[in-house]
Chemist: 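Structure below; questions to follow.
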Amino acid sequence: MTTDLAGNDTLTAGIVAALRTVHDPEIPVNVYDLGLIYRIEPKDAGLVEIDMTLTAPGCPVAGEMLSWVEKAVIEVAGIEKVAVRLVFDPPWDSSRMSDDVKLELGLL
C-alpha cells in the first residue's frame, strides 16, 4: 500500500492549525508553538496519534488539555479518531518553544 504524502502533508497542516487553537492556560501560547506536541502521526482509517507533554508534570488541567487537543483535532476534515498520549520523556523545557514565542515572551 502506498501513502499519499501530499495528502498527509495537507492533513498534518490541518492538524497543526487545529492545535494552534488550543492554548496553555498558564502561558498564553498555543500548545503547538509552545513545543508541547512531540509527535503527530496520521494513520489509516482517519486515525491520528498525538504525543504531547505539559510544561510541568503537576499541571492541574492535564486531563482537560488532552481533551481540548482531541476536540480541536477531531474537527479536521479526514480525521475520525484522535489518540492523544501524555508523555514526559523527554521533559519539556523552554528550548522547545518556537522563536516567535520566545520573542513574544521576552526570552530572546
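Because only heavy atoms are used, hydrogens play no part in the values below, and waters and symmetry mates are left out as well, while side chains stay in. In this text the structure is predicted, and so the values were computed from the model without any measurement.
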Chemist: For Thr21 and Ala72, work out which heavy atoms get closest and say how close.
Modeler: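 Closest approach of Thr21 to Ala72, heavy atoms only: OG1-CB, 3.8 Å.
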Chemist: What heavy-atom pair brings Met52 and Ile37 nearest, and what distance separates the two atoms?
Modeler: CB-CD1, 3.8 Å
Chemist: Would you mind listing every side chain to side chain donor-acceptor pair (under 3.5 Å) that reaches into residues 92-102, with sequence neighbours excluded?
Modeler: Tyr38-Arg96, Asp93-Ser95
Chemist: Ala83: what forms a side-chain contact (heavy atoms from CB on, under 4.5 Å) with it, not counting sequence neighbours?
Modeler: Leu47, Glu49
Chemist: What pairs with Leu103 under side-chain contact (heavy atoms from CB on, under 4.5 Å), at least two apart in sequence or on another chain?
Modeler: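 Once residues adjacent in sequence are excluded, the partners of Leu103 under the side-chain contact (heavy atoms from CB on, under 4.5 Å) criterion are Leu108.
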Chemist: Is there a side-chain contact between Met97 and Leu105 in this structure, where contact means two heavy atoms from C-beta onward sitting under 4.5 Å apart?
Modeler: yes
Chemist: Rounded to the nearest 0.5 Å, what's the gap from OG1 on Thr55 to CG on Asp24? Could you check?
Modeler: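 Answer for the OG1-CG pair, Thr55 versus Asp24, is 5.0 Å.
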Chemist: Could you go through Val87 and Arg39, starting from their C-alpha distance and side-chain angles, then the distance that decides it, and tell me whether this counts as side-chain contact (heavy atoms from CB on, under 4.5 Å)?
Modeler: CA-CA 10 Å; Val87 298; Arg39 182 178 69 98; over 6 Å; no
Chemist: If we only count heavy atoms from C-beta on, is the Ile79 to Leu11 side-chain gap below 4.5 Å?
Modeler: yes
Chemist: Let me confirm one number: the CD1-CG distance from Ile50 to Leu19, rounded to the nearest 0.5 Å.
Modeler: 5.0 Å
Chemist: Going by side-chain contact (heavy atoms from CB on, under 4.5 Å), name the residues that satisfy it together with Asp89, two or more places apart in sequence or in a different chain.
Modeler: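 Partners of Asp89 under the side-chain contact (heavy atoms from CB on, under 4.5 Å) test: Pro91.
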Chemist: Applying side-chain contact (heavy atoms from CB on, under 4.5 Å) to Val73 and Val84, what does each step give before you reach the verdict?
Modeler: CA-CA 10 Å; Val73 174; Val84 183; over 6 Å; no
Chemist: What's the spacing between Asp51 CG and Leu36 CG if we round to 0.5 Å?
Modeler: 12.5 Å
Chemist: Table please: side-chain donor-acceptor pairs of residues 58-71 below 3.5 Å, with sequence neighbours left out.
Modeler:
none

Chemist: Got a second to check how far Arg85's CZ is from Thr53's OG1, nearest 0.5 Å?
Modeler: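 Here the interatomic distance stands at 11.0 Å.
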Chemist: Does Arg20 have any side-chain contact (heavy atoms from CB on, under 4.5 Å) partners at least two apart in sequence or in another chain, and if so, which?
Modeler: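 Here the qualifying residues are Val16, Asn30, Tyr32, Asp33.
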